[in-house]
Amino acid sequence: MRLSDWRVVLAVCVGLALLPTHSGESVGGGSSAAPHGHLQPIGNQVPPVGTVEVLQDVPHPRDFYNKYVKPGKPVVFKGAAKETAAFKLWTDEYLSKHYGDLTVDIEEGKKENRSWPAYTVPFREFLSTYKKRDVYLVESIETPMRGEFMLLKSLLCGGFLDYLQDAVMWFSSGGTKSVLHFDAVDNINCLFEGSKKLFMVDKKDSKHIDIDHEDGSFSGVDVEKVDLHKYPGLKDVPWYNASMEAGDCLFIPYKWFHHVSSMASDQKRNVAVNIWFAHLYHFDEEDCSRKGDLPDFEPLSKYKFVGTTEQIRSMLLEGFEGRDFISTDDLEGLSFDTPFEIDMSYKLDIFETLDLNKDLVVTVDEVYKVPFEHLEELFPDYSPDGPYGDEDEDEPYEHDEF
C-alpha cells in the first residue's frame with residue numbers, strides 16, 4: 001500500500017475514534033457525555049423524591065404549627081382561598097375601578113432577573129397593558145385592599161399574627177419563571193387565578209445549591225438551561241414538586257429553596273398573594289384558649305406588620321438548634337446566620353441581654369420577651385435605618401419571592 005493510502009486510512013480511523021456513540025462514549029474509549037439533564041430545564045436532571053402533601057381542609061393553628069411549621073414541611077391547602085373576597089372580586093375591571101389610582105411596582109421580563117430595576121406606574125395602567133407586554137407586577141398589598149385579602153384559619157392564633165412581615169401581590173399574564181431562591185421567613189402563597197408549578201428543596205439539602213450572589217439568598221443558575229458543569233450539585237439534588245390551581249394555598253417553610261413557574265388562565269391572568277411571617281419557635285396555647293372557636297378567615301386589615309427587627313429574634317432562636325434553652329457553656333459553639341462575624345465578646349453581650357432573670361440560662365420564652373428596642377441595640381445593622389433593615393415599616397420585608 002502506498003504511503004498516501006495509509007494516510008487516508010489513518011485519518012478515517014482517527015475520525016471514527018472521535019465519533020460519539022449513542023451512549024455518549026467514543027469508539028476509542030473514554031467519555032465525552034454531558035451529565036444527564038445538562039442545559040435542560042430545572043427538574044429534568046433527576047426525578048423528584050416526592051410530591052408536597054395536599055390537604056382538603058385548612059388545619060387548626062395548633063396542628064399547622066406542630067405538623068408543618070415546626071418540622072419545616074410544605075403543604076398545599078386545596079381550594080382554601082375560593083371563599084375569600086379577593087378570589088371572588090379581583091377581576092381586572094374591579095381592580096381598575098376600585099384601586100386603579102394606586103401605584104404599583106412593575107418588573108420587565110417574565111423570566112426573573114434581579115439585576116433589572118423595577119419602575120412604578122398607576123395600577124390602572126398596568127391592568128390595561130400587561131396582557132400585551134413582557135412584564136409582571138410585584139407589590140405589597142396596599143392598605144385599601146387589605147380588607148379583601150383574607151388570612152387563613154391556620155394563622156389566627158398561636159402567635160403567628162404577632163409576627164406578620166408583609167403581603168405581596170404577584171400578577172402577570174402567565175409564563176413567568178422565578179430564580180432558584182429561599183426566603184428567611186415562612187410563607188403562605190394563595191393563588192387566585194392561573195396555575196403554578198414549584199421545584200422545592202429542603203433546607204437540609206442546601207449543600208446541593210450554589211448560592212453565588214452577594215445577598216446570599218438565590219442562585220444564578222439559568223432555570224431553563226441548567227449548566228451542570230457550573231452547578232454540579234443540581235444533578236442529584238433531592239427535590240419535591242408542588243402544583244397549584246386557582247384557589248389553592250401553599251405553605252413554603254423558611255429557607256426551603258424553590259423555583260416557581262406560573263401559567264395563565266383562559267383569561268390570560270396569573271394572580272397570587274403571599275403572606276410572610278417570621279418563623280415561630282414556640283406556640284402560644286394561651287392565645288388559642290382565649291380566642292376559642294376560630295373563623296375560617298379574617299381580613300388582613302385587622303392586623304399590622306412588624307419590622308425587620310423581629311427577624312433578629314428568629315435568627316437568635318435558630319442558633320438554639322432545637323434546644324429549649326442555652327447556657328454560658330454553649331456560647332463557644334453557638335453560631336448565628338449573620339453577614340458579619342460574632343466573636344465571644346459579642347456573644348456574651350447577647351447572652352446578658354437575653355438572660356432576663358439572670359440565672360445564666362436563656363430560654364426560648366425569654367427570647368420572645370426581650371423588647372425589640374433591645375434587639376436593635378444588639379444588632380443596629382438590622383434596625384429600620386440600618387443596612388439590613390427597612391426604613392418603611394409598613395413594607396418591612398424585601399420582595400424575594402415570585
Side-chain angles (χ1 to χ4, degrees), residues 20 22-26 30-52 72-74 107-118 134 136 138 170 172 174-187 189 195-244 250-263 274 318 335 337-339 388 398-402:
H22 291 297
S23 66
E25 294 183 355
S26 65
S31 175
S32 62
H36 178 73
H38 179 59
L39 299 183
Q40 294 183 25
I42 196 166
N44 286 17
Q45 293 69 40
V46 62
V49 295
T51 299
V52 170
K73 180 182 178 183
E107 298 189 15
E108 294 280 357
K110 294 180 183 178
K111 183 178 179 181
E112 186 180 15
N113 186 329
R114 296 192 177 185
S115 65
W116 294 352
D134 185 25
Y136 69 92
V138 49
W170 310 91
S172 75
T176 56
K177 297 180 183 297
S178 78
V179 295
L180 179 61
H181 69 284
F182 70 84
D183 301 300
V185 286
D186 285 328
N187 175 10
N189 186 301
S195 60
K196 290 183 184 288
K197 292 187 179 298
L198 291 93
F199 172 98
M200 304 183 69
V201 179
D202 194 327
K203 63 178 181 178
K204 68 181 177 62
D205 294 314
S206 62
K207 64 184 179 184
H208 290 268
I209 299 174
D210 185 8
I211 299 301
D212 51 2
H213 282 71
E214 290 183 1
D215 70 0
S217 66
F218 73 101
S219 172
V221 63
D222 185 336
V223 295
E224 293 185 299
K225 295 176 63 177
V226 175
D227 186 339
L228 289 176
H229 297 305
K230 187 175 181 180
Y231 300 96
L234 292 175
K235 72 177 183 297
D236 57 359
V237 59
W239 67 280
Y240 297 81
N241 62 35
S243 298
M244 299 177 68
L250 168 66
F251 169 61
I252 303 175
Y254 86 111
K255 291 195 174 179
W256 269 61
F257 280 90
H258 49 289
H259 153 66
V260 189
S261 297
S262 300
M263 287 68 70
N274 74 276
E318 186 175 18
S335 63
D337 186 12
T338 63
Y388 307 109
E398 183 180 352
H399 300 156
D400 279 339
E401 164 65 302
F402 189 82

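For this chain, numbers begin at 1 and follow the sequence in order. Worth saying up front: this structure is predicted, and the values here are computed from it rather than measured.
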*Does the His181 side chain pair with the main chain of Ser219, one donor and one acceptor, at a distance under 3.5 Å?*
no
*asked:* How close do Asn189 and Met244 get, counting heavy atoms only, and between which atoms?
replied: O-CE, 3.3 Å
*Inter-residue atom distance Lys197.NZ - His259.NE2, 0.5 Å rounding*: 11.5 Å
_One pair to check against side chain to side chain contact (heavy atoms under 4.5 Å, CB included): Asp205 and Trp239. What are the steps and the verdict?_
CA-CA 9 Å; Asp205 294 314; Trp239 67 280; over 6 Å; no
*Enter the distance from Ser243:OG to Leu198:CG here, rounded to the nearest 0.5 Å.*
8.0 Å
*Counting distance only, does the side-chain N/O of Trp256 pair as donor-acceptor with the main-chain N or O of Gly72 below 3.5 Å?*
yes
*asked:* Just verifying a value: how many Å separate Lys255 NZ and Asp186 CG, rounded to the nearest 0.5 Å?
replied: 11.5 Å
*Using atom types as modelled and distance alone, determine if a side-chain donor or acceptor of His38 lies under 3.5 Å from a backbone N or O of Leu228.*
yes
*If you take all heavy atoms of His229 and Asp227, which pair is closest and at what distance?*
N-OD1, 3.0 Å
_Which residue is it: Val260, Val223, Leu180? I am looking for the one with a side-chain contact (heavy atoms from CB on, under 4.5 Å) to Phe199._
Leu180
*Backbone N/O of Val185 and side chain of Asp183: donor-acceptor pair under 3.5 Å*: no
*Relative to the ring of Phe182, is the ring of Phe257 parallel (under 30°), tilted (30 to 60°) or perpendicular (over 60°)?*
perpendicular
*Going through the distances and angles, do Tyr254 and Lys203 end up as a side chain to side chain contact (heavy atoms under 4.5 Å, CB included)?*
CA-CA 8 Å; Tyr254 86 111; Lys203 63 178 181 178; 2.9 Å; yes
*Is the backbone N or O of Tyr136 less than 3.5 Å from a side-chain atom of Trp170, with the two atoms forming a donor-acceptor pair by type?*
no
*Run the side chain to side chain contact (heavy atoms under 4.5 Å, CB included) check on Lys196 and Leu250 step by step: do they pass?*
CA-CA 10 Å; Lys196 290 183 184 288; Leu250 168 66; over 6 Å; no
*Heavy atoms only: give me the nearest Met200-Ala242 pair and the separation to one decimal.*
SD-CB, 4.0 Å
*CE/Met263 to OG1/Thr176 distance, rounded to the nearest 0.5 angstrom?*
8.5 Å
*asked:* If I compare all heavy atoms of Gly174 with all of Ser172, which pair ends up nearest, and what's the gap?
replied: N-OG, 3.0 Å
Quick one: side chains of residues 231-238, donor-acceptor pairs under 3.5 Å with protein atoms, not counting sequence neighbours, listed by atom name and distance.
residue, atom, partner, partner atom, Å
Tyr231, OH, Asp212, OD2, 2.6
Tyr231, OH, Val221, N, 3.4
Asp236, OD1, His208, ND1, 3.3

